[in-house]
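First the structure, in the form of structure tokens, and then the observations on it.
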There are 2 protein chains.
Amino acid sequence: MFSKACEYGIRAMIYIAQQSRQGERVGLKDVAQGIDSPEAFMAKILQALSRQGLVQSVKGPNGGFYMDAPGLKVTLAEVVLAIDGDQLFTGCGLGLPECNEKKPCPIHDEFKLIRNKIKSLLETTQVGEFNELLEKGVLHLKRV
Amino acid sequence: MFSKACEYGIRAMIYIAQQSRQGERVGLKDVAQGIDSPEAFMAKILQALSRQGLVQSVKGPNGGFYMDAPGLKVTLAEVVLAIDGDQLFTGCGLGLPECNEKKPCPIHDEFKLIRNKIKSLLETTQVGEFNELLEKGVLHLKRV
DNA sequence: GGAATAAAGGATAATTTTGTCCTTTTATTG
DNA sequence: CAATAAAAGGACAAAATTATCCTTTATTCC
């Protein structure tokens with residue numbers, strides 16, 4: 001469904017949202033361990049997300065990644081779009097370069113329904129909305 | 001959503017189902033042109049599908065691929081499973097190696113709903129059910 | 001200002017997926 | 001039986017994705 005980079009990216013954003021409350025910064029190593037991802041790869045992904053303004057970062061001692069108040073409202077859809085592009089939201093399920101009402105693939109309509117559900121789920125979910133459940137240990141971002 | 005191989009595979013299965021009625025065989029070249037896929041790559045995919053019994057094949061002059069009556073009832077779910085495996089049906093949306101009711105990822109429940117919809121769409125769709133609409137030119141399997 | 005720290009960035013490597021080419025096997029037809 | 005046609009299979013190549021390493025830049029603390 002999502003690329004590995006995107007899976008890591010979503011998990012990282014949710015992790016940072018939860019860990020960086022009251023302005024605390026979360027270091028790369030912390031994030032990588034917190035979501036069980038390869039550190040250097042995580043660095044690249046956070047770089048990209050930071051460049052696109054979806055997460056804030058500060059260099060130097062006591063630096064790291066964090067989110068300001070509006071950052072907590074970033075939706076999963078924005079994260080997916082930033083990493084994987086809009087293929088998931090707009091592409092044809094069977095890979096046709098053009099597939100629309102005029103020239104539909106065999107599963108055009110059914111897939112549109114599903115894609116819209118995915119889209120709406122991602123658009124209505126914010127990276128900051130899991131903070132309490134994560135803290136309580138009800139939800140998880142890694143295996144252990 | 002699906003790998004390229006799987007997209008080609010689904011389109012090829014639907015194409016063969018439509019073209020091979022009354023026992024006619026469809027050649028590799030015909031299939032590749034009919035769905036706009038690279039011929040040699042298509043060969044590999046059909047090989048795999050044939051090995052797994054989802055499509056029939058005959059070598060030699062006038063040979064090719066075809067489907068018997070039960071073949072027309074093969075579901076898209078079987079094709080996807082044969083090519084991409086069960087990752088789409090069972091895997092965690094955020095890539096966690098174990099994600100279940102006991103240790104759910106943040107979007108576990110919502111994704112389960114969506115995955116079930118995808119699963120049920122694929123399981124209830126048969127490769128042979130588009131024959132008439134394809135013939136009428138209402139549905140398409142390639143760009144042109 | 002200098003040392004230390006941490007992200008940013010560039011280059012490169014490993015792996016997987018996608019795609020190609022060539023030979024072999026099997027079947028058909030004359 | 002020989003020639004031919006077509007899929008099967010093996011080996012290889014290209015591209016994309018995933019992953020690592022090293023240098024540079026910015027920031028903080030002493």
Side-chain angles (χ1 to χ4, degrees), chain A residues 1-12 16 19-20 23-67 80 82-85 87-88 91 95 97, chain B residues 1-13 16 19-20 23-33 35-67 80 82-85 87-88 91 95 97:
Chain A
M1 186 83 81
F2 307 124
S3 70
K4 224 87 190 64
C6 192
E7 292 174 355
Y8 293 148
I10 295 174
R11 276 151 60 193
I16 295 170
Q19 295 285 315
S20 80
E24 278 176 56
R25 282 86 178 257
V26 197
L28 168 63
K29 191 166 300 186
D30 186 350
V31 175
Q33 284 173 359
I35 70 162
D36 222 9
S37 70
E39 195 176 315
F41 192 32
M42 191 74 261
K44 291 298 176 199
I45 298 162
L46 287 175
Q47 250 175 60
L49 291 172
S50 168
R51 239 182 281 123
Q52 299 183 65
L54 296 187
V55 67
Q56 262 49 53
S57 76
V58 176
K59 289 183 180 180
N62 196 33
F65 299 90
Y66 69 99
M67 272 163 206
V80 171
I83 300 176
D84 279 351
Q87 179 59 24
L88 178 64
Chain B
M1 184 86 78
F2 306 124
S3 70
K4 225 82 189 68
C6 192
E7 291 174 355
Y8 292 148
I10 295 174
R11 275 151 61 193
M13 289 290 284
I16 295 170
Q19 296 285 313
S20 80
E24 277 177 56
R25 282 85 177 258
V26 197
L28 169 63
K29 190 165 301 186
D30 185 350
V31 175
Q33 284 173 0
I35 72 162
D36 222 8
S37 70
E39 195 176 314
F41 192 31
M42 189 76 260
K44 292 296 178 201
I45 298 163
L46 287 175
Q47 250 175 59
L49 291 172
S50 168
R51 239 182 282 124
Q52 299 184 64
L54 297 186
V55 67
Q56 263 47 56
S57 77
V58 175
K59 289 184 180 180
N62 196 32
F65 299 91
Y66 69 100
M67 272 164 207
V80 171
I83 299 177
D84 280 350
Q87 179 59 23
L88 178 64

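Values below: every heavy atom of this structure, side chains too, minus hydrogens, waters and symmetry copies.
Taking atom CG of residue A/Leu46 and atom C1' of nucleotide C/dA6, one finds them 13 Å apart after rounding to whole Å. We find that CD of A/Glu24 is positioned 15 Å from P of C/dA6, with the value rounded to whole Å. Straight-line distance from the OH atom of A/Tyr66 to the C1' atom of C/dA6: 14 Å, rounded to whole Å. With rounding to whole Å, A/Ile45 atom CD1 is found 15 Å from C/dG9 atom C1'.
In terms of the side chain to side chain donor-acceptor pair (under 3.5 Å) criterion, residue partners of B/Asp30 (sequence neighbours excluded) are, by chain and number, B/Tyr15. Partners of A/Lys44 under the side-chain contact (heavy atoms from CB on, under 4.5 Å) rule, at least two apart in sequence or in another chain, are A/Gln47. A/Tyr66 pairs by the ring-ring contact (aromatic ring centres under 6.0 Å, His included) definition with nothing, not counting sequence neighbours. Residues passing the side-chain contact (heavy atoms from CB on, under 4.5 Å) test with A/Ser57 are A/Ser50, A/Phe65, sequence neighbours excluded. With sequence neighbours left out, B/Lys59 forms a salt bridge (Lys or Arg N to Asp or Glu O under 4.0 Å) with no residue at all. For the side chain to side chain donor-acceptor pair (under 3.5 Å) test, residues two or more places apart in sequence or in another chain that qualify with A/Ser3 are A/Asp84. B/Asp36 pairs by the side-chain contact (heavy atoms from CB on, under 4.5 Å) definition with B/Arg11, B/Lys142, B/Arg143, not counting sequence neighbours. Among residues two or more places apart in sequence or in another chain, the side-chain contact (heavy atoms from CB on, under 4.5 Å) test is passed with B/Glu24 by B/Gln22.
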At under 4.0 Å between heavy atoms, which parts of nucleotides 19-30 of chain C does protein reach? Answer with one letter per nucleotide, 5' to 3': B base, S sugar-phosphate only, - none. BB----BBBB--
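Sorted by residue number, the list of members of residues 50-57 of chain B with any non-hydrogen atom under 4.0 Å from DNA chain C is empty.
Counting all heavy atoms, side chain and backbone alike, B/Leu54 lies closest to B/Met13 at O-CE, 3.0 Å.
Among residue pairs with one or both ends in residues 34-62 of chain A, those qualifying as ring pair (Phe, Tyr, Trp, His ring centres under 6.0 Å) are A/Tyr8-A/Phe41; sequence neighbours excluded.
Scanning DNA chain D 5' to 3' for nucleotides with an atom closer than 4.0 angstrom to a non-hydrogen atom of chain A gives a first and last hit of D/dT18 to D/dT28.
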